Structure formats: structure tokens, C-alpha cells
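Following: one structure in C-alpha cells, then a few remarks.
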Amino acid sequence: MKIAARFYIAAILAFLYLPILVMMAMGFNESPLYELPFSFSTRWYQALAGNAPLVNSGINSIWIAVATSIIATVLGTMASVALSRRTFRGKTLLQLMLLPPIAIPWLITGTAMLVFFFYSGIGRGLHALLIGHVALAIPYVVLVVGTGFQTVRADLEEAAMSLGSTPVHAFFSITLPLLYPSILGAALFAFAVSLDQFVISYFLATPGFSTLPVQIYSAIRKGFTPEINAISTILLVGSMAVIVIFALFAKPGGVSDKR
Amino acid sequence: MTNVEVRSIAKNYGSVPVLTDISTDFTQGSFTSLLGPSGSGKTTLLRIIAGFIIPDQGNVAIGGNDVTRMPVWARNIGMVFQSYALFPHMTVNENVAFGLARRGIKGEESRKQVERALELVRLPGFGDRKPKQLSGGQQQRVALARAIVTKPSVLLLDEPLSALDRRLRQEMQVELIRIQKESGLTTIFVTHDQEEALTLSDKVAILDRGRIVQIGAPTEVYERPKTRFAAEFLGDTNFLTGTVVAGGIRLANGSTVAVDAPLPATGSEATVAVRPEKIVIRDVARGGKDTDRSNRVSATISSSVYAGTALTYEAAFDGLSFKIFAQNSDARPHSVGDVVELTWSPLHTVPLEAAA
Ligand SMILES: Nc1ncnc2c1ncn2[C@@H]1O[C@H](COP(=O)(O)OP(=O)(O)OP(=O)(O)O)[C@@H](O)[C@H]1O
Ligand SMILES: [Mg+2]
């Protein structure tokens with residue numbers, strides 16, 4: 001039984017990571033055509049350094065993901081506070097309306113945004129992309145932070161108020177520190193949603209401004225080069241580092257013991 | 001001296017009245033229990049005094065100042081919650097110092113006061129622990145220390161002991177009284193445990209469907225319940241209904257029960273209450289010792305429950321069933337079927353107000 005379980009876990013990990021490992025390895029393979037035997041080379045990384053569109057789009061992707069993460073986390077957390085701690089008319093409806101965007105196919109959301117942005121004069125480009133990504137990430141933040149709220153009992157804030165805290169002070173001294181692991185998790189989620197985003201970015205990108213997934217897609221159409229493996233590897237290692245740092249600072253979904 | 005005063009408090013949720021015309025005073029330094037069944041409005045009343053709920057009508061005054069519209073954080077109250085509500089990300093010291101910091105007390109002075117409060121609740125040396133590293137009883141003590149360290153005008157507790165097991169609960173009851181007496185805080189304590197209310201309080205207020213039906217010292221509310229509800233809620237009671245005659249009531253079977261208390265007008269119907277432990281059983285067949293309790297009815301033992309130190313009997317007479325608590329001091333317990341005489345004093349025959 002135990003052996004079977006271990007084998008099962010190993011199979012899942014292999015299934016998830018093998019393609020990625022192959023990709024990373026091929027970024028270091030001399031041959032442009034994925035030919036074996038493997039011969040180590042950094043030529044694709046050198047080529048990447050000279051490939052301005054690819055590098056620029058990678059930098060764009062990261063900046064948009066960071067900005068999306070910050071904006072969506074602040075707005076989403078604020079929405080979550082209202083939904084978890086206040087009662088107001090239409091709250092249930094609002095709560096329900098926040099969730100479908102997660103399930104609506106991105107192609108449809110993207111088309112809707114393109115049409116809307118065109119008619120409203122928002123147009124395309126960096127600002128449009130940012131608005132699109134933030135709108136897309138907010139429901140995830142509300143979901144993750146909202147779940148975190150359920151672990152922070154309302155009577156903690158009441159206890160703080162009975163001791164002399166105003167509601168604002170109670171929120172910042174009690175609720176926010178307890179919510180912090182969830183908020184961090186939500187920020188990470190928003191970052192990933194943005195970094196991953198292809199469809200909406202593709203619709204809203206302009207010839208002069210695109211993100212990495214969009215750039216990779218157009219590059220592949222022209223012909224696949226291992227430079228793509230190289231930049232993908234860099235991005236992957238970067239994301240993994242962020243996740244590891246996060247895991248060290250907080251247990252996702254629970255109350256952090258440290259601090 | 002009155003410290004907390006509530007006047008004509010009313011609160012509705014939608015069209016449902018939760019509290020109706022509550023008026024009472026809480027004397028400086030007294031311990032008052034709000035006792036009542038679930039849903040009777042105890043928590044609502046406590047939270048109105050705390051300031052978490054604004055009443056639809058009426059006023060709350062603390063220390064002579066009307067605080068009805070004053071928010072919780074400005075009221076200088078201390079509150080202990082059923083779930084303790086300790087801040088999990090703070091140490092015990094930080095928890096207790098929280099209210100002091102809100103009052104501008106910091107540094108050395110705060111440290112000294114926290115230490116004194118933890119000594120008062122018998123938890124010295126626990127300051128650096130996190131709440132999670134404490135037992136339920138210890139967490140409760142920290143919650144108490146946190147609530148009293150700020151020297152609040154009133155200490156409010158909402159069923160603070162209900163999460164503890166029986167033994168710990170009794171231990172904490174003793175501690176709570178000690179701490180309350182030492183700190184001299186006006187205390188309002190919500191419970192639905194009648195024994196706890198009687199043991200702890202200077203005064204017990206019995207709530208029923210949003211009204212205070214009786215308020216008084218434990219002996220008063222227990223020995224002289226005003227209504228059927230109050231009598232039943234504070235323990236077992238036998239009820240007798242009959243027609244008022246001079247000095248007592250006449251039952252349906254023609255026998256008269258003497259009552260040593262003012263009764264309604266002669267000829268009207270009245271109900272009296274008799275506590276089971278006030279009744280003495282005289283064994284007719286065995287010629288048990290007669291007593292001078294002038295109320296006596298003959299009855300047949302219909303059930304007997306033996307519990308070591310005491311026995312609970314049920315005796316039937318005239319279609320009624322009487323409950324009797326007896327110390328296990330008779331030569332031998334009565335058996336089912338024994339014909340006995342139940343005797344009790346007119347002093348223990350309490351006339352009740354007609355049901356509202
Ligand atoms: N926010 C609310 N909205 C609607 N009804 C409420 C609300 N709070 C309390 N009630 C109702 O008010 C009544 C009194 O509630 P309260 O909590 O004061 O009772 P309680 O005496 O403390 O009961 P328990 O012993 O169960 O704690 C109950 O019938 C309850 O359903
Ligand atoms: Mg309650």
C-alpha cells in the first residue's frame with residue numbers, strides 16, 4: 001500500500017516536471033533541432049541576450065505581473081473585508097457575481113474586453129493590459145482572502161474594540177496580521193494569473209508592446225528556437241524562487257506561527 | 001451606589017422583539033448574573049451594555065454618564081468572550097498589554113501592570129507564551145487578566161466558563177469570585193446554568209423572552225420565585241393549584257394547604273410552588289416521627305431513584321405527582337407502593353403570580 005502510494009506520487013511528479021526538465025535541458029543543448037547526444041552550451045542564452053523583443057517582452061511580463069499583483073491584492077482585500085465583515089444591500093448578489101469570471105473562458109472575457117475597450121476609447125497597449133489583468137485577478141484575490149477571513153474570528157475584533165480600539169485600529173492591529181498569510185497567497189495567485197495570461201494579453205497587446213507568452217507565440221509561428229527554452233527557464237527559476245520564499249515566510253491558508 | 005443603569009431598553013430584530021422594557025440597576029462592585037433559557041436575550045442585553053448593539057429604545061448609563069450612543073471603544077468596559085478571543089499572533093504579555101497601550105500606558109508602567117494582572121489570575125511567568133500554548137482554563141485566565149488590567153467601569157462576561165469541563169469550571173468559578181472581590185469590579189455575568197448563577201452572584205436576574213421576570217439575591221429568587229417560569233427555571237418545583245381561602249388554598253379534593261404569605265382575593269384561583277427538598281416524607285405504616293409541618297397530604301410512592309447521598313421520590317396523590325428530594329438518612333428508603341404522608345411548612349409554600 002505504502003509502496004503503491006509512493007509510486008503514485010512519483011508518477012504525478014514525473015508527469016508534472018519531466019516536460020519542464022526536458023525544456024530546461026534543451027536550453028543548454030548545442031543543437032537547435034533538439035538532436036542528441038546532448039552537448040552542453042550556453043549559446044541560446046547568449047542569443048537570447050541579443051534578442052531584444054523576447055527580453056523586453058519578458059521584462060514587460062514581470063512588471064505587469066508585479067503591478068497586477070499589488071493592485072489586485074489591495075482592491076481584492078478591500079472587497080473581501082466588506083464582504084466578510086459588513087452587511088449591505090445586494091451583498092449576496094455581489095458575492096455571487098465575483099465568482100463566474102473565474103469560470104468564464106478567457107477567450108470570451110478577452111473578446112469582451114477587446115470590444116469594450118475599443119468602444120470606450122481605452123484602446124490597447126500597456127494600460128489596457130494592466131486593467132485587463134487586474135480585473136481578471138481580483139476574483140481570485142477575493143476568493144483566497146475571503147477564505148482566510150473565515151479563520152479570523154469576528155470576536156477578535158470585538159475584543160480589541162472592548163479594549164479601546166477603534167474599528168480601524170482593530171483591523172490593522174488584529175485582522176490584518178492574522179490575514180497576512182492569505183493576503184500573501186492571494187498576491188502570489190494574482191502574480192501567477194497575470195504572468196500566465198495569454199489570450200487577453202494577445203488581444204490587448206500592440207505591435208510595440210507585448211508580453212512574453214504573446215512574444216513566444218509569435219516567435220513559434222516564425223520558427224522555434226531554443227532561445228525560448230532559455231527565457232522560459234529563467235522565468236521558471238524566478239517564479240520558483242518567489243514561491244520558495246513565500247513558503248518560508250507563511251503557511252498558505254493558515255495563521256503564521258512566526259513573527 | 002448604582003454603577004450601571006439600564007432604563008426601558010427595547011430591541012427588535014425586524015418585527016421580532018428580543019428585549020422588551022428592561023430596566024434595572026447594577027450596584028457598584030456587585031456581581032449580577034443574567035440567567036435565562038437560550039434565546040431569552042441575555043447576550044443581547046450584555047452587548048447593549050457593552051455598546052456593540054444600540055437599543056431601539058431606552059438608555060444605558062455607566063458611572064452616571066449616559067453612554068447609549070457612545071461606541072464600545074470609548075466606554076471603558078472589560079469583556080470576556082465565550083471563546084476567550086485571545087489574539088493568536090500576540091504573546092500573553094502583549095494580549096494583556098493591548099488595552100493599556102490603547103490608554104497610553106506603555107513601557108515600564110505597562111509591564112508592571114501586566115505582571116500584577118497575571119499574578120491576580122495566578123499565571124505569573126506565562127507572559128511569553130502564545131495563547132495556543134495554554135490550556136483552556138489558562139486561556140480563560142489570560143482573557144480575564146486582559147479584561148481587568150485596564151480597570152474598566154464594568155466587567156462583562158458572556159458564558160465564559162461554558163467551554164470548560166465540569167471540574168475546571170468549578171475551579172474557575174471559585175477563582176472568578178476571588179478575582180471579582182479582589183478587583184471590586186461591577187460584574188455582569190451571562191449564563192444559562194442556574195446552579196452557576198446561584199453560586200456566584202450577589203444578584204440573579206431571570207430573563208424570559210426578552211423580559212426580566214425577577215431579579216434579586218440568590219436565596220430570594222430561589223426561595224420566593226414570583227412566577228411559574230422563575231420557579232421552574234431555578235430548579236425542580238411542585239405546583240398546586242386551588243381556590244384561595246383564608247390562610248391558604250383549597251385543592252380540588254377538598255384538602256387545604258396553608259400558605260404563609262399574602263394571597264390573592266378569597267375565591268380566586270391561585271397556584272403555589274413547593275420545592276422538592278422542603279418536603280418531608282412520613283411513613284404512615286411504620287409510624288414515622290410526626291413533625292410540626294402543618295401541611296400534610298397522604299400519597300403513594302410511585303418511583304424512587306437512589307443516588308447514594310440522596311434519593312429522589314415521586315409520590316402520587318389525587319391525580320398529581322409530587323417530586324421529593326430526601327437525604328439518605330432514613331432507616332431504610334421508602335419503596336414504591338408505600339403509603340406515606342408528605343409534610344411541609346406553610347413558609348415553603350410560595351404563591352405565584354398569575355402567568356403573564
Ligand atoms: N443579529 C440578529 N438578528 C436577528 N435575530 C437575532 C440577532 N441576534 C439575536 N437574535 C435573536 O434574538 C434572540 C435573543 O438572542 P440572544 O443571543 O440575546 O439570546 P441568549 O439569551 O444569549 O441565548 P443563548 O443562551 O443561546 O446564548 C434570539 O431569539 C435570537 O435569535
Ligand atoms: Mg448568548
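Heavy atoms only: backbone and side chains are in, while hydrogens, waters and symmetry mates are out. Values in this document were obtained by computation on a predicted structure and should not be read as measured data.
- With chain A as partner, the option from B:Phe52, B:Tyr84, B:Phe81, B:Trp73 having the largest number of non-hydrogen pairs under 4.5 angstrom is B:Trp73.
- When each of B:Met79, B:Gln82, B:Arg47 is scored by its heavy-atom pairs under 4.5 Å with chain A, the top score falls to B:Arg47.
- Between B:Glu108 and B:Arg111 there is a salt bridge, since a side-chain N of the basic residue sits under 4.0 Å from a carboxylate O of the acidic one.
- Both the backbone and the side chain of A:Glu158 have a heavy atom closer than 4.5 Å to some heavy atom of chain B.
- Neither the backbone nor the side chain of B:Leu100 comes within contact range of chain A; no heavy atom of the residue lies under 4.5 Å from a heavy atom of that chain.
- A salt bridge links B:Arg7 with B:Glu5; the closest basic N to acidic carboxylate O contact falls under 4.0 Å.
- A salt bridge links B:Glu171 with B:Arg141: at least one charged nitrogen is closer than 4.0 Å to a carboxylate oxygen.
- Residue contact with chain A, scored on non-hydrogen atoms closer than 4.5 Å, is absent for B:Arg75.
- Note on B:Lys42 versus B:Asp158: no salt bridge recorded, every NZ/NE/NH1/NH2 to OD/OE distance being 4.0 Å or above.
- Contacts of A:Ala170 with chain B are absent, with no heavy-atom separation under 4.5 Å from either backbone or side chain.
- B:Lys112 and B:Glu115 are not joined by a salt bridge, as no carboxylate oxygen comes within less than 4.0 angstrom of a charged side-chain nitrogen.
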